[in-house]
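Atom set for the values below is all heavy atoms of this structure, side chains included, hydrogens, waters and symmetry mates excluded. Just follow the structure's listing: the first ligand is 1, and inside any ligand the first atom is 1. Small disclaimer: the values here were computed from a predicted structure and weren't measured.
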Amino acid sequence: MCIFCKIINKEIPSNIELENDDFLAFHDINPKAPVHILAIPKLHVDSFNEVTPQMMSGMTAFIQEVAKKVGIDKSGYRVITNIGENGGQEVGHLHFHIIGGAKLKWGHFSDSDPKNMF
Ligand code: 5GP
Ligand code: ZN
């Protein structure tokens, strides 16, 4: 079972921000900005490559709800999903980074760039 499936099953503790029947949002263990939340489907999907439009429909509404709940919907934020090796995906369970709480930099797209987003 993958690490995020273990978080879904509460076998690994996490700081949960929002949860419903289909999705879970929890704070990233290594935040890159003042707000850094991961939104994941409870059904294991490897990456964005495999997700269905049906699942994305619910995911979109869920991400919007998370942003509102943590108060970054008005100030703005960024949603990122890394895909595969070149995309820098480290955990093989589809996840969307919801990042905000500060003015974010743009242009950290290769390993030679600093990873800090603000
Ligand atoms: P990726 O590089 O795959 O797009 O992002 C994986 C993210 O998961 C990273 O930002 C990393 O900090 C986060 N992460 C990895 N393991 C854990 C964990 O056990 N708990 C939490 N909350 N975040 C994790
Ligand atoms: Zn999984």
Side-chain angles (χ1 to χ4, degrees):
M1 190 186 289
C2 92
I3 185 167
F4 285 178
C5 282
K6 286 182 181 163
I7 285 176
I8 291 162
N9 291 340
K10 315 271 160 64
E11 287 172 39
I12 294 177
S14 69
N15 184 1
I16 292 171
E17 189 60 49
L18 193 65
E19 181 170 14
N20 66 22
D21 286 348
D22 299 321
F23 304 102
L24 180 71
F26 55 98
H27 291 262
D28 196 293
I29 205 166
N30 180 23
K32 305 275 195 297
V35 175
H36 188 167
I37 293 168
L38 301 173
I40 66 174
K42 290 189 173 176
L43 185 72
H44 180 99
V45 173
D46 288 344
S47 83
F48 187 78
N49 267 340
E50 289 80 23
V51 75
T52 62
Q54 288 73 25
M55 182 183 274
M56 278 311 298
S57 165
M59 179 59 95
T60 300
F62 185 71
I63 290 171
Q64 291 167 348
E65 201 181 337
V66 171
K68 208 167 183 178
K69 182 158 189 257
V70 299
I72 58 173
D73 56 320
K74 300 279 197 301
S75 54
Y77 59 102
R78 192 170 291 163
V79 176
I80 297 172
T81 188
N82 296 323
I83 303 153
E85 196 182 339
N86 277 1
Q89 184 178 4
E90 286 171 3
V91 177
H93 182 128
L94 174 66
H95 53 282
F96 291 85
H97 298 260
I98 304 168
I99 299 165
K103 182 85 178 169
L104 302 174
K105 289 180 187 164
W106 184 246
H108 46 274
F109 291 115
S110 78
D111 281 348
S112 58
D113 292 325
K115 272 222 155 187
N116 286 338
M117 291 199 180
F118 74 106

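Put simply, the side chain of Ser47 never gets that close to the backbone of Leu94: no donor and acceptor are under 3.5 Å apart. Under the 3.5 Å distance criterion, the side-chain polar atoms of His95 are left unmatched by any main-chain donor or acceptor of Asn82.
Residue Ile29 has at least one nitrogen or oxygen atom sitting less than 3.5 Å from a nitrogen or oxygen atom of ligand 1, judged on distance alone. Considering backbone and side-chain N/O atoms, Gln89 never comes within less than 3.5 Å of an N/O atom of ligand 1. The shortest N/O to N/O separation between Ile7 and ligand 1 does not fall below 3.5 Å. Residue His27 has at least one nitrogen or oxygen atom sitting less than 3.5 Å from a nitrogen or oxygen atom of ligand 1, judged on distance alone. Polar contact check, His97 against ligand 1: a nitrogen or oxygen pair lies under 3.5 Å apart. Remark: ligand 1 and Gly88 share an N or O pair separated by less than 3.5 Å (distance only, no angle test). Considering backbone and side-chain atoms together, Ser14 places no N or O closer than 3.5 Å to any N or O of ligand 1.
When heavy-atom distances to ligand 1 are checked against a 4.0 Å cut-off, Leu38 comes that close only through its side chain, counted from C-beta outward. Contacts of Phe4 with ligand 1, taken as heavy-atom pairs under 4.0 Å, involve the side chain alone.
With values rounded to the nearest 0.5 angstrom, Phe4 atom CZ is found 13.5 Å from Asn9 atom CG. To the nearest 0.5 Å, the span separating CG on Leu104 from CD1 on Ile80 amounts to 8.0 Å.
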Q | Residue pair Gln89, Phe48: steps toward the side chain to side chain contact (heavy atoms under 4.5 Å, CB included) verdict | A | CA-CA 11 Å; Gln89 184 178 4; Phe48 187 78; over 6 Å; no

Q) Can you check side chain to side chain contact (heavy atoms under 4.5 Å, CB included) on His93 and Ile8, steps first, answer last? A) CA-CA 11 Å; His93 182 128; Ile8 291 162; 3.6 Å; yes

Q. Hey, mind stepping through Ile40 and Phe26 against side chain to side chain contact (heavy atoms under 4.5 Å, CB included) and telling me if it holds?
A. CA-CA 9 Å; Ile40 66 174; Phe26 55 98; 3.6 Å; yes

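Residue Asn30 has at least one heavy-atom neighbour below 4.0 Å for each of these atoms of ligand 1: 12 (O). Using a 4.0 Å cut-off to heavy atoms of Glu90, the atoms of ligand 1 that qualify are 1 (P), 2 (O), 3 (O). For ligand 1 and Phe26, the ligand atoms under 4.0 Å from any heavy atom of the residue are 21 (C), 22 (N). For ligand 1, the atoms closer than 4.0 angstrom to any heavy atom of Ile3 are 16 (N), 19 (O).
Ring geometry for His97 versus His36: interplanar angle of 30 to 60°, hence tilted.
In this structure, the side chains of Ile98 and Ile72 come closer than 4.5 Å at one or more pairs of heavy atoms.
For the side chain to side chain donor-acceptor pair (under 3.5 Å) test, residues two or more places apart in sequence or in another chain that qualify with Glu19 are Lys10, Lys42.
Heavy atoms of other residues, nucleotides or ligands lying less than 6.0 angstrom from CD of Glu85 number 12 at most.
Draw a line from the Zn ion (ligand 2) to SG of Cys2 and another to ND1 of His44, and the angle between them is 110° (to 10°).
In the candidate list Asn82, Leu94, Ile80, Asn82 is nearest to atom 4 (O) of ligand 1, counting heavy atoms. By heavy-atom distance, the residue among Asp28, Ile40, Ile83 lying nearest atom 7 (C) of ligand 1 is Asp28.
The closest approach of His93 to the Zn ion (ligand 2), by N/O/S atoms, is made by ND1.
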